[in-house]
*Asks:* 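Please read through the structure below; I'll follow up with questions.
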Protein chains: 2
Amino acid sequence: MATSVQLSPGRSTAMRKPKAPEANRARILAAAVAEFASRGYDGASMDAIAARTNTTRAMINYYFRGKEPLYLAVLERVYADIREAESGLDVENLEPVEAIRRIVEFTYDYYVDHEDFVRLVVAENQAKGRHMKRSHALRTVNRPIVEMLGRVIARGQARGDFRADADPIDVHMAIAALGMFNVTNQYTFGSLFQRPMGAKGDVDRRRAMVADIILQWLGPQPAG
Amino acid sequence: MATSVQLSPGRSTAMRKPKAPEANRARILAAAVAEFASRGYDGASMDAIAARTNTTRAMINYYFRGKEPLYLAVLERVYADIREAESGLDVENLEPVEAIRRIVEFTYDYYVDHEDFVRLVVAENQAKGRHMKRSHALRTVNRPIVEMLGRVIARGQARGDFRADADPIDVHMAIAALGMFNVTNQYTFGSLFQRPMGAKGDVDRRRAMVADIILQWLGPQPAG
DNA sequence: AGCGAACTTAACAAGGTCGTCAATTCCCGG
DNA sequence: CCGGGAATTGACGACCTTGTTAAGTTCGCT
């Protein structure tokens, strides 16, 4: 909408902080995360982001260089966040089965608690990874968690807990698929029998269910 | 005011269409499916749809009543398609384990072969089911497949093939989650180790994998 | 204090989108 | 042949979007 805000010079704006370079940047980025996650790339409006931050569209273009670079910064930000959260996982000292269970539960909870992240990932996939291709940093985000899984699986195989042909990437994919579906498809799927999903659903039960599915599958005996 | 799909009131052999009303309607709808699936609701352009059909935007608004009603018609169309395809599944005469395997394989293949459907479902979920709520027909689309699953699972439980607490909705959710993930997340996930997914991935291997996961989970012994 | 640079604001221009309306063509039945 | 209504066209108006630019403000440093 046409911003027809007329304010006398020296009134309310005078009380504003003199300078806030990095703080403003961070605030804009946070608002952009919310807006892009909520409305997608096309649906998101620079004015809406500006409105969330008490700044103007021109200022956003001053800090970032436009809509697309801002969106890329958003993607890199949320991916960096989950990577850091994953790094806090300490599973090397757990027995393989418990380690897998912890990884599954962490991943499941992270998706439930960070719906913005999930929505951004989905949006980027809907865009066929168009923007992601331009960021080299986003190419290897999944590697740490897969390597962690690989070490745990190898330990489990050495003990005979897991089947010999278990593949870390397949396992990660199954975990992510089952964990994300609750969040991503909660509207079309939840309409079925009014069964709530996502954060409002039966989180505890479903989290245990996903862990059971993965562990049953990883078990030593191949499919009969 | 017959705004909805109202055909000729009586079936008369002599009655003929003045021009090409239904043919154009169908062509517009098909183009709209492709455009909405490709670019999402906001990203889709009515002019682009018109361009795909050698017609004009005004004509689309003549047949349908605007962008949103058209989008709803698209949703109802693709959901009707999958429901009809599912109805062709004949699993009542199969043994429970084989029946589950067939259902999984059908669902998996349908997603791979109908990426448009999957993308539309994802888009609608990203929109928080905004448009879907207005269509009463879309409220019960998942019911047939879940009921089919319920009958198969009940048979399997009676034989002792499946665990007693298996829930059809949970099973359907797991199948859908694993099947959709390949298609929906192929870009962000496929970038990992350049492992192709979706229709270009190792379809046969992954399809069998999903069936194994489901059947292992359904197996009679609970998680040990 | 004064200067340069960072920061902020308001306004503009170009482009794109959608829905509608009056006018026109086309076909069919009388 | 001709009226009438369905089908189709072109054009208009209102709205929203983004990026830029020129002017103003504030700050840090010398």
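Every chain is numbered from 1, with letters handed out A, B, ... down the list of sequences. No hydrogens, no waters, no symmetry mates; every other heavy atom, side chains included, goes into these values.
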*Asks:* Measure from the side-chain heavy atoms of A/N61 and tell me the nearest of C/dC18, D/dG19, D/dA6.
*Replies:*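 So the nucleotide nearest the side chain must be D/dG19.
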*Asks:* Which of the following nucleotides, C/dG19, C/dA10, D/dG10, is nearest to the side chain of B/T56?
*Replies:* D/dG10
*Asks:* A/D42 CG to D/dT18 C1': how many Å, rounded?
*Replies:* 13 Å
*Asks:* Which heavy-atom pair separates B/R102 from B/V91 by the least distance, and what is that distance?
*Replies:* CD-CG1, 4.1 Å
*Asks:* With the side chain of A/Y63 defined as its heavy atoms from C-beta on, choose the nearest nucleotide among C/dC7, D/dT20, C/dT20.
*Replies:* C/dC7
*Asks:* Counting only side-chain heavy atoms from C-beta out, which of D/dT8, C/dT8, C/dT20 sits nearest to B/A58?
*Replies:*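 So the side chain of B/A58 is nearest to C/dT20.
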*Asks:* Relative to the 5' end of DNA chain C, which residue comes earlier, A/T55 or A/Y62, by the nucleotide with the nearest heavy atom?
*Replies:* A/Y62
*Asks:* Looking at C/dT8, I'd like to know if its phosphate oxygens (OP1 or OP2) sit under 4.0 Å from a side-chain N or O belonging to A/N24.
*Replies:* yes
*Asks:* Would you please say whether a donor-acceptor pair under 3.5 Å links the side chains of B/Y41 and A/D42?
*Replies:*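 On atom types as modelled, these side chains do not qualify, holding no pair under 3.5 Å.
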*Asks:* Could you tell me whether B/A44 contacts a base, only the sugar-phosphate backbone, or nothing, with contacts defined as non-hydrogen atoms closer than 4.0 Å?
*Replies:*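 The answer is sugar-phosphate, as B/A44 gets under 4.0 Å only of primed atoms, P, OP1 or OP2.
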*Asks:* Select one nucleotide: of C/dC18, D/dT8, D/dG19, the one nearest the side-chain heavy atoms of B/K67.
*Replies:*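 So the side chain of B/K67 is nearest to C/dC18.
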*Asks:* Any side-chain donor paired with an acceptor under 3.5 Å for B/N125 and A/T184?
*Replies:*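 No donor-acceptor contact under 3.5 Å links the two side chains.
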*Asks:* Give a yes-or-no answer on whether the side chains of A/E76 and A/S135 include a donor-acceptor pair shorter than 3.5 Å.
*Replies:* yes
*Asks:* Among C/dT8, D/dT18, C/dT17, find the nucleotide with the atom closest to the side chain of B/D47.
*Replies:* C/dT17
*Asks:* Between atom CE in A/M59 and atom P in D/dT18, what is the gap in whole Å?
*Replies:*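 These atoms are roughly 17 Å apart.
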*Asks:* Examine the base of C/dG19 for any acceptor or donor lying under 3.5 Å from a partner atom in the side chain of B/R65, and report the outcome as yes or no.
*Replies:*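 No.
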*Asks:* Measuring from the side chain of B/R57 (C-beta onward, heavy atoms only), which nucleotide among C/dG19, D/dG19, C/dT20 has the closest atom?
*Replies:*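 Of the options given, the side chain of B/R57 lies nearest C/dG19.
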*Asks:* Between D/dT17 atom C1' and A/R39 atom CZ, what is the distance in whole Å?
*Replies:* 14 Å
*Asks:* Roughly how many Å is it from CZ in A/F36 to P in D/dT18, rounded to a whole number?
*Replies:* 8 Å
*Asks:* Atom OH of B/Y41 and atom C1' of C/dT17: how far apart are they, to the nearest Å?
*Replies:*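 The answer, rounded to whole Å, is 11 Å.
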*Asks:* My understanding is that only one of B/K133, B/R134, B/R130 makes a salt bridge (charged side-chain N to carboxylate O under 4.0 Å, His left out) with B/E68; could you say which?
*Replies:*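 Answer after filtering B/K133, B/R134, B/R130: B/R134.
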